[in-house]
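Proteins come first, then strands; the chains are lettered A, B, ... in the order of their sequence lines, and each starts at number 1.
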Amino acid sequence: MGHPSTYEPSTGVERWLDSRLPVPRMMHDQFMVFPTPRNLNYWWTFGGILTFMLAIQIVTGIVLAMHYQPTVDGAFDSVEKIMRDVNWGWLLRYAHAIGASMFFVAVYIHTFRGLYYGSYKAPREVLWILGVIILFLMIATAFMGYSLVWGQMSFWAVTVITNLFSSLDAVIPGLGTTLVQWIWGGFAVGEPTLNRLFALHYLFPFVIAGVVILHIWALHIPGSNNPTGVEVKSAKDTIPFHPYYTIKDGYALVLFCILFGALLFYAPNFLGHPDNYIPANPLQTPPHIVPEWYFLPFYAILRAIPSKLFGVIALIASIGILVFVPWLDTSRIRSVSYRPIFKWFFWLFVICCIALGYLGSQAPDGWYLFFGRLCTAYYFGFFLLIMPIVGFIEGPKKLPGSITQSVLGSKAPPGGSQQHAGGAQ
Amino acid sequence: MANPDISTDPSLVPDDDPSRRDVILIGAGAFAAIGGAAMLWPLLDQMNPDASTLSLSSIDVDLAPIEEGQAITVMWRGKPIFIRHRTAKEVDEAKDVKVDVLIDKLARNANLPDDAPATDGNRAAPEQAPWLVMIGICTHLGCIPKGQAVGDYKGEYGGWFCPCHGSQYDTAGRVRIGPAPENMYIPPYAFTSDTKIKIG
């Protein structure tokens, strides 16, 4: 993948394995010597952080499942039993819950990094689409995991979100109701629903892991994008992944884990909603239903649309539209750093997403609703109008001749492999 | 494989009857596809409500203890059923509403034809106008509206108010302010005596 193999088995065992299942060769070529642009900044470390978080979630999740009971009567109590009775249960459960939040912090930064530096542009469209699929799977997994606690917020989140599908009754009468009852396995959210959510919550992380492997594979065909968006032109533009980026990713991971640890040990419930410590009650809706923070922007979009069916369509489209970004962006320049007009629209988009997050936590009326609609309009306008139009009219800044030149300034000759033999040393 | 031996490798023998092989290939493929599709249905249908869920289909409720102006909530098929003993004023308010002004003009009453209009007569219990029996689930996204308890805010129309997204219902359970698209549903029920009903 990507570059000729430089692996040379040094022991008999390695030689034996190399002609049967060359895993050491793959690890060496793809994760040790893999040529990586020399100018990656810290925004590029979130891929490694995400891999770490997926592992944390799977490991803590498997041990939590050993103590959890997916029954209407047992679920909430078994979670409290984990918190109080199970050895280290409090740590494992808080790590899993805060871990979900940290996972989303990382994935949102990772996604915005891709948007900013044009990492979705050719030849990385499939890589990007696989990322959108991972994001979608993560959202589904987090939603199902939150439901398992079976507190008031869990129960009503499941009720509200599964009821979204009943909007299909507006298309074909009865279709939505039939579909919702199929999802529930009953006439309301109940034990069959909880059981299947648990089964799927256990399955999905492994599906994510599978798509992550495809995502990394797709990354290793063209190699990493970089902050200039200029393709690698010579071997001098790259450095081996190990030790340069293993150490950089490792350092970023340590900083990330300090934040993770600070929340985990000092404010484990800071990001949660207190109502989820009330056991689920199907006869009483909490006065104010809000999802976890990482879903708030999407919730604001759902509520900004007055029609039930179109609200649901907007909700799904808000993530689905990312799939089409490689073709909606008409600019031939990858990195927003070299796009003087689009830069402003990009940062406005970031502000808009954060504003949607705040608005999603507020009751949808008055000015909150007005700004919710305004931000929703901008959210879709950014992709459907600004991306295609600005790409056409914008005159980009001058790109550096090569990655090396962007790093070393005028000391380095402009890119091209002819300089490689002489070397700048 | 430089010199394959035609005499021992059947795949290399020239095929003198292609139609016969095609029949076997298409036939086998078709049976495999039909078999796979037939197995798909049990895999999907297992998620539908099971026999034990369906068997919990009816409950009996005694209305005698419910005074005028009071409301109770009972569970039927895991759903809350609102039973309200409406005051004369509430009944009159509901009757005075023209169907034309309603968001949802259909009665949504399982005991009546699907196209019955949403008059109060079609919403309230037959022959017993003070009684309103309905599934207490907001038709927007499934929250339980407020308005059953005495102190609850009941919205501008004196019926029910959904705290989730602000839908409001009148004293006949008809949606008057969105985003809910439909009136709250009336379950199948019947009076088994003057003061008893059977739901389901």
Side-chain angles (χ1 to χ4, degrees), chain A residues 72 152 155-167 169-170 173-174 176-193 195-196 199-200 281-290 299 302-312 315 363-366 368-369, chain B residues 43-57 72-82 103-104 106 108 110 114-115 135-149 152-153 160-168 175 177-182 185 187 199-200:
Chain A
V72 166
Q152 273 289 69
F155 182 88
W156 290 99
V158 177
T159 301
V160 167
I161 298 300
T162 50
N163 262 302
L164 292 178
F165 293 99
S166 69
S167 62
D169 277 342
T177 308
T178 308
L179 183 61
V180 170
Q181 289 185 359
W182 179 75
I183 293 169
W184 287 340
F187 301 103
V189 173
E191 192 137 308
T193 326
N195 258 299
R196 59 193 59 177
L200 294 175
N281 178 0
L283 286 179
Q284 192 179 23
T285 306
H288 188 45
I289 300 181
V290 281
Y299 194 54
L302 167 73
R303 300 189 304 179
I305 313 283
S307 149
K308 180 171 158 179
L309 178 63
F310 286 100
V312 176
L315 175 74
D365 46 31
Y368 292 122
L369 186 59
Chain B
L43 285 172
L44 292 172
D45 191 40
Q46 53 81 23
M47 280 180 64
N48 274 318
D50 66 14
S52 69
T53 307
L54 293 171
S55 69
L56 299 169
S57 57
I72 63 161
T73 305
V74 297
M75 286 284 267
W76 171 70
R77 288 181 159 184
K79 301 176 188 200
I81 302 293
F82 288 175
I103 293 172
D104 179 15
L106 296 175
R108 307 289 173 191
D114 285 348
D115 57 353
I135 300 170
I137 294 178
C138 179
T139 55
H140 181 225
L141 292 175
C143 297
I144 312 294
K146 296 272 172 199
Q148 288 294 91
D152 282 352
Y153 176 59
W160 287 266
F161 169 77
C162 184
C164 290
H165 302 97
S167 295
Q168 300 191 13
V175 62
I177 294 177
E182 291 165 359
Y185 279 65
I199 303 172

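Taken together, the cysteine pair C143(B) and C164(B) places its SG atoms within less than 2.5 Å of each other.
With chain A as the partner, the residue from L44(B), T53(B), I144(B), I137(B) showing the most heavy-atom pairs under 4.5 Å is I144(B). Between chain A and the residues G78(B), G142(B), P163(B), the largest count of heavy-atom pairs under 4.5 Å involves G142(B). Ranked by non-hydrogen atom pairs under 4.5 Å with chain B, the options R303(A), R196(A), E191(A) are led by R196(A).
The minimum heavy-atom distance linking V312(A) with L302(A) is given by the pair N-CD1, 3.9 Å. When all heavy atoms of D169(A) and T177(A) are compared, the pair lying nearest together is OD2-OG1, 2.6 Å. The two atoms that bring T162(A) and V180(A) nearest to each other are O-CG2, 3.4 Å, heavy atoms only. Residues S167(B) and A180(B) approach most closely at OG-N, 2.9 Å, considering heavy atoms.
Using a 4.5 Å cut-off between heavy atoms, L283(A) touches chain B through backbone and side chain atoms alike. Of the two parts of P80(B), the backbone and the side chain both hold a non-hydrogen atom closer than 4.5 Å to a non-hydrogen atom of chain A. Of the atoms belonging to W156(A), it is side-chain heavy atoms, and not backbone ones, that fall under 4.5 Å from chain B. No part of I305(A) comes within reach of chain B, as not one of its non-hydrogen atoms sits under 4.5 angstrom from that chain. Only the backbone of P306(A) comes within less than 4.5 Å of a heavy atom in chain B; its side chain stays farther off. Heavy atoms of P173(A) lying under 4.5 Å from chain B are absent altogether.
Considering only heavy atoms from C-beta on, F165(A) comes within 4.5 Å of I183(A) through its side chain. Looking at heavy atoms from C-beta onward, K146(B) lies out of side-chain contact with W160(B) at the 4.5 angstrom threshold.
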